[in-house]
**Q** 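Just passing along the structure, written as structure tokens.
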Number of protein chains: 2
Amino acid sequence: MRRRECEAWQLLQELLRAHRTFLPMLVAEYELSPAQWHVLQLIAPDEPLPMGELARDLACDASNVTGLVDRLEARRLVERRAAPHDRRVKVIALTRQGGALRARIAARLAEPPGPIARLSAFERRQLSAILRKALGS
Amino acid sequence: MRRRECEAWQLLQELLRAHRTFLPMLVAEYELSPAQWHVLQLIAPDEPLPMGELARDLACDASNVTGLVDRLEARRLVERRAAPHDRRVKVIALTRQGGALRARIAARLAEPPGPIARLSAFERRQLSAILRKALGS
DNA sequence: TATTGTTATACTCTATAACTATA
DNA sequence: TATAGTTATAGAGTATAACAATA
């Protein structure tokens, strides 16, 4: 097995570990599980998504999506709608409440956490440039 | 609400999302859940850890640790040992098998993934320097 | 009395398989 | 026949509360 130690990757993993509980704790304040938040996040306002696409994007079985959407719908955060062209399909849309909650949580997630806030503007620009290349965008 | 967009943080979150399923899928190859892997990772070879400390490090309730250790012990990856000084305490130790599996998985995790491998040596050094500062080390 | 670990219970997430209603 | 979503079932992770053994 080749030795391919990479300090940058080690540190990145360390950062991930440090932030392991960050998202779960944040969304728990709104009584959402990480999976439920993921659903909310995937549905853009005014762009309902078929359940099958949700399952694909969540990388989970379709049967899970039924339960996730059940619980979100019970809280009136999303709603199932009939698709016009194919009556087997149900598209999931954000309700007004759902959209508002999604926006509120997204705003909080956009706040850079301690370790990032600690960087200078110059370092952040460097970091951005490197990450853009890493992500190939 | 203040506008505090931070591109570096946005990109970092994008990287996290892209890697969301990476660890779960990797450890699933060894029939471990992420939580079980976390336990294995926390126990250094020859440094058994009390269950209470595991619960603290995992940031979960002590009652969970019972089940996690039950399943790992059933596979002979860890074992419960009596603590000499306090008979209430049980310390969890890696077995030889457990240590070997832990090392194998750790080696695979140390391999930098695609996005990092795509960077030049210079960019990785820059990234390391920035992350070291972010992590305060 | 306080603490460590366990048990009992309940809920969510996850997968597989069988089912329904459409196509 | 094939596909979209559901239901039934089972296992794992999580929390809370009650409990036993020990301190």
Side-chain angles (χ1 to χ4, degrees), chain A residues 17 20-43 48-75 77-93, chain B residues 17 20-43 48-75 77-93:
Chain A
R17 275 193 296 277
R20 222 182 86 242
T21 61
F22 177 73
L23 181 75
M25 279 172 40
L26 194 157
V27 301
E29 291 180 39
Y30 304 93
E31 309 195 77
L32 291 175
S33 67
Q36 287 168 0
W37 162 245
H38 224 104
V39 171
L40 244 44
Q41 192 183 36
L42 286 170
I43 307 173
L49 217 56
M51 303 196 59
E53 284 193 45
L54 276 174
R56 188 173 51 65
D57 293 348
L58 293 166
C60 77
D61 191 84
S63 59
N64 295 322
V65 180
T66 298
L68 289 169
V69 169
D70 281 349
R71 290 181 279 276
L72 291 172
E73 196 169 33
R75 288 175 59 188
L77 296 174
V78 304
E79 59 186 23
R80 287 169 164 92
R81 293 184 189 159
H85 53 290
D86 186 336
R87 290 197 302 180
R88 292 171 304 180
V89 172
K90 290 173 191 164
V91 295
I92 309 305
Chain B
R17 275 194 294 278
R20 223 183 85 243
T21 61
F22 178 74
L23 182 74
M25 279 172 40
L26 194 158
V27 300
E29 292 180 38
Y30 304 93
E31 306 194 78
L32 292 175
S33 69
Q36 287 168 0
W37 162 244
H38 224 104
V39 172
L40 245 42
Q41 192 183 36
L42 286 170
I43 308 173
L49 217 56
M51 302 195 59
E53 284 193 45
L54 276 174
R56 187 173 52 65
D57 293 347
L58 292 165
C60 77
D61 191 85
S63 59
N64 294 322
V65 181
T66 299
L68 288 169
V69 169
D70 280 350
R71 289 181 278 278
L72 290 171
E73 196 170 33
R75 287 175 60 187
L77 296 174
V78 303
E79 59 187 22
R80 285 170 165 92
R81 292 184 190 159
H85 52 290
D86 186 336
R87 289 197 303 179
R88 292 172 304 180
V89 172
K90 290 172 191 164
V91 295
I92 309 305

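Naming convention: chains lettered A, B, ... in sequence-line order (proteins, then strands); numbering from 1 in each chain.
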**Q** Hey, which of these two, B:M51 or A:G67, hits DNA chain C nearer its 5' end, going by closest nucleotide?
**A**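 Result: B:M51.
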
**Q** Of all the choices, D:dT6, C:dT12, D:dT14, which nucleotide is nearest to the side chain of A:S33 once you look at every atom?
**A**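 Comparing D:dT6, C:dT12, D:dT14 against the side chain of A:S33, the answer is C:dT12.
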
**Q** Which heavy-atom pair separates A:V65 from A:C60 by the least distance, and what is that distance?
**A**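 For A:V65 versus A:C60, the nearest heavy atoms are CG2-SG, 4.1 Å.
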
**Q** What nucleotide among C:dT6, D:dG13, C:dT12 has an atom nearest to a side-chain atom of B:R71?
**A**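 Selected nucleotide (nearest to the side chain): D:dG13.
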
**Q** Nearest-Å distance, CD (A:E73) to P (D:dG5)?
**A**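 That distance rounds to 13 Å.
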
**Q** Mind checking whether A:D70 and A:R80 have side chains closer than 4.5 Å, heavy atoms only?
**A**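 A side-chain contact under 4.5 Å exists here.
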
**Q** What's the closest nucleotide to the B:V89 side chain, out of D:dG13, C:dT4, D:dG5?
**A**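 Nearest to the side-chain atoms of B:V89, counting from C-beta on, is C:dT4.
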
**Q** Looking at A:R80, I'd like to know whether one of its side-chain N or O atoms comes within less than 4.0 Å of OP1 or OP2 on D:dT6.
**A**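 Answer yes for this pair, as a side-chain N or O of A:R80 is under 4.0 Å from OP1 or OP2.
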
**Q** Whole-Å distance between D:dG13 C1' and B:L32 CG?
**A**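 In whole Å, D:dG13 C1' and B:L32 CG are 14 Å from each other.
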
**Q** Could you tell me how far apart B:Q36 (CD) and C:dT14 (P) are, to the nearest whole angstrom?
**A**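 Spelled out: CD on B:Q36 to P on C:dT14 is 16 Å.
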
**Q** Within this structure, what is the CZ-to-C1' distance between B:R75 and D:dA12, rounded to whole angstrom?
**A**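 Atom CZ in B:R75 sits about 13 Å away from atom C1' in D:dA12.
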
**Q** How about A:E31: does its CD atom have over 12 heavy atoms from other parts shown lying under 6.0 Å from it?
**A**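 Open: at most 12 neighbouring heavy atoms sit under 6.0 Å from CD of A:E31.
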
**Q** Which nucleotides of nucleotides 15-23 of chain C have their base under 4.0 Å from a protein heavy atom (B), which only their sugar-phosphate (S), and which neither (-), written as one string 5' to 3'?
**A** BBB---BBS

**Q** A side-chain contact here means heavy atoms from C-beta on lying under 4.5 Å apart; do B:V91 and B:P50 qualify?
**A**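 With C-beta onward as the side chain, the pair touches.
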
**Q** For a quick test of reading the model, state the closest non-hydrogen atom pair linking B:V27 to B:P34 and the distance between them.
**A**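 That closest heavy-atom pairing would be CG2-N, 4.1 Å.
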
**Q** Is the side chain of B:R20 donor-acceptor paired with the backbone N or O of A:L58 at a distance under 3.5 Å, no angle test?
**A**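 Confirmed, B:R20 side chain pairs with A:L58 backbone.
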
